[in-house]
Amino acid sequence: MPELPEVETVKRSLQPLLEGERLIGIDVLYGGIIKNMDPQDFSRLLVDRVINSISRRGKYLLFDLSEGDTLVVHLRMTGQLLISNQEEPRTKHTHLVFHLSGGKQLRFVDVRKFGLIFLVRSGAWDQAGGLAQLGPEPLAEDFTVEVLLGVLKNRKGMLKAFLLDQKRIAGIGNIYADEILFMAGLLPQRRIETLNMPEIEALYLAIRTKLQEGVEYRGTSISDYVDGRGEKGSFQERLQVYDRGGKPCLKCGTNLVKSVVAGRGTVSCPKCQR
DNA sequence: AGTCAAACCTGGGCGC
DNA sequence: TGCGCCCAGGTTTGAC
């Protein structure tokens, strides 16, 4: 389940291997992943382009290409971008293969076929799914308590739904939402409009801390997630609540409660979170 | 504006 | 061992 820390880790693992590489051919094995054009146009447009740089916005990866286009990739739940040698056999669920000038390949693998790929003119982000509507980048330097206060203003509803809404804050998914709420001592179903200033400050600190930790430990490898070299992260070893429903809270020993909030499996501590 | 459910897709875990 | 069933999850879409 790639969220901000996982996508950031994929980006960092791909950068040294891909920046400056030229795309010399593309095999489309499953065209459904390409969302804004047909596979023939996609392949034709990409051939001979150079990958100038790779960046991240929320859970989206942006490959800035020569001649002013950007390849936008969203991994959704099970998508993987992997660097492989030509001779390595293709694993099942390999949907796209980019042949690189250096001799290696970039492969897009996705068991559930939920991943999204767009090829757009750089800057035309409105043509790349939800990319143009993303809220602020929570690990950016300019994401301050005031910015959080601004996006919370006049909003109502459950705190977890807010954290998961990419239009409010970019990059938080189900795992980090639960971890953030536990650290902040706030219940997932807590209503935004009832938060006081110290609680908003705690929420701010938890957002920054948990996402930073996630990046530091190179992401959470619960099911499929690996970086561009196929390496797992280790944040799953540090999870406090996610996937621990019914087990004792690591702070107070109370059994953690599993529920559904905002349509998502959710775990929280009834004693530590209010 | 918020809330909820359905849809997309497949593999893993469960009970029998 | 094998079958059927349900669940997980990010995001969009549509209904209320």
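What's counted below: heavy atoms across the whole structure, side chains too, no hydrogens, waters or symmetry copies. In what follows, chains are A, B, ... by sequence order, proteins preceding strands, each numbered from 1.
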Determine the contact category for A:Lys160: base if any of its heavy atoms lies under 4.0 Å from a base atom, sugar-phosphate if only primed atoms, P, OP1 or OP2 are that close, otherwise nothing. nothing
Need one value for A:Gly263: base, sugar-phosphate or nothing, where a base atom within 4.0 Å counts as base even if backbone is also close, heavy atoms only. nothing
Could you tell me how far apart A:Lys113 (NZ) and B:dA7 (P) are, to the nearest whole angstrom? 19 Å
Can you tell me how far P of B:dA1 sits from CZ of A:Arg168, to the nearest Å? 8 Å
Atom pair distance, as rounded to whole Å: CG in A:Asp178 and C1' in C:dG10: 15 Å
Under a 3.5 Å distance rule, please check whether A:Glu137 uses its side chain to pair with a backbone N or O of A:Gly58 as donor and acceptor. yes
Closest listed nucleotide, where the reference is the side chain of A:His93 and the choices are B:dT10, C:dG10, C:dT12: B:dT10
Tell me, yes or no, whether the heavy-atom count around A:Glu141 atom CD, taken from other residues, nucleotides or ligands under 6.0 Å, exceeds 12. no
Comparing A:Lys258 with A:Lys167, nearest DNA chain C nucleotide closer to 5' gives the residue A:Lys258
Nearest-Å distance, OH (A:Tyr242) to P (C:dA8)? 9 Å
Centroid distance under 5.5 Å and plane angle under 30°, A:Phe114 vs C:dT11: no
Backbone N or O of A:Pro270 within a donor-acceptor pair of the A:Gln273 side chain at under 3.5 Å? no
May I ask you to evaluate whether A:Gln166 reaches the phosphate of C:dG10, defined as a side-chain N or O under 4.0 Å from OP1 or OP2? no
Rounded to the nearest 0.5 Å, the CG atom of A:Leu75 sits from the CD1 atom of A:Ile117 at a distance of 8.5 Å
Closest heavy-atom pair, A:Leu82 versus A:Asp227, reported as atoms and distance to 0.1 Å, is CD2-O, 3.4 Å
Interatomic distance where CZ belongs to A:Arg112 and P belongs to B:dA7 [whole Å]: 17 Å
Rounded to 10°, the angle between the first-five-pair and last-five-pair axes of the helix from B:dG2-C:dC16 to B:dC16-C:dG2 is 50°
Does this structure show an ion pair linking A:Arg56 with A:Glu8, if we count only N-O contacts that are shorter than 4.0 Å? yes
Using the side chain to side chain donor-acceptor pair (under 3.5 Å) definition, which of the options A:Glu3, A:Lys210, A:Glu6 pairs with A:Tyr176? A:Glu6
A:Val111 side-chain proximity, nearest of B:dG11, B:dT3, C:dT11: B:dG11
So, OP1 or OP2 of B:dG11: does either fall under 4.0 Å of a side-chain N or O from A:Lys92? yes
How close or far is atom P of B:dT3 from atom CZ of A:Arg155, stated in whole angstroms? 11 Å
Centre-to-centre under 6.0 Å for A:Phe98 and A:Phe108, is that the case here? no
No-H, no-angle donor-acceptor pair, A:Arg264 side chain to C:dG9 base, under 3.5 Å: no
Could you tell me the separation between the CG atom of A:Leu164 and the P atom of B:dG2, rounded to a whole number of Å? 14 Å
How is A:Tyr225 classified with respect to the nucleic acid when contacts are heavy atoms under 4.0 Å: base, sugar-phosphate, or nothing? nothing
In whole angstroms, the gap separating P of B:dA1 from CD of A:Glu193 amounts to 15 Å
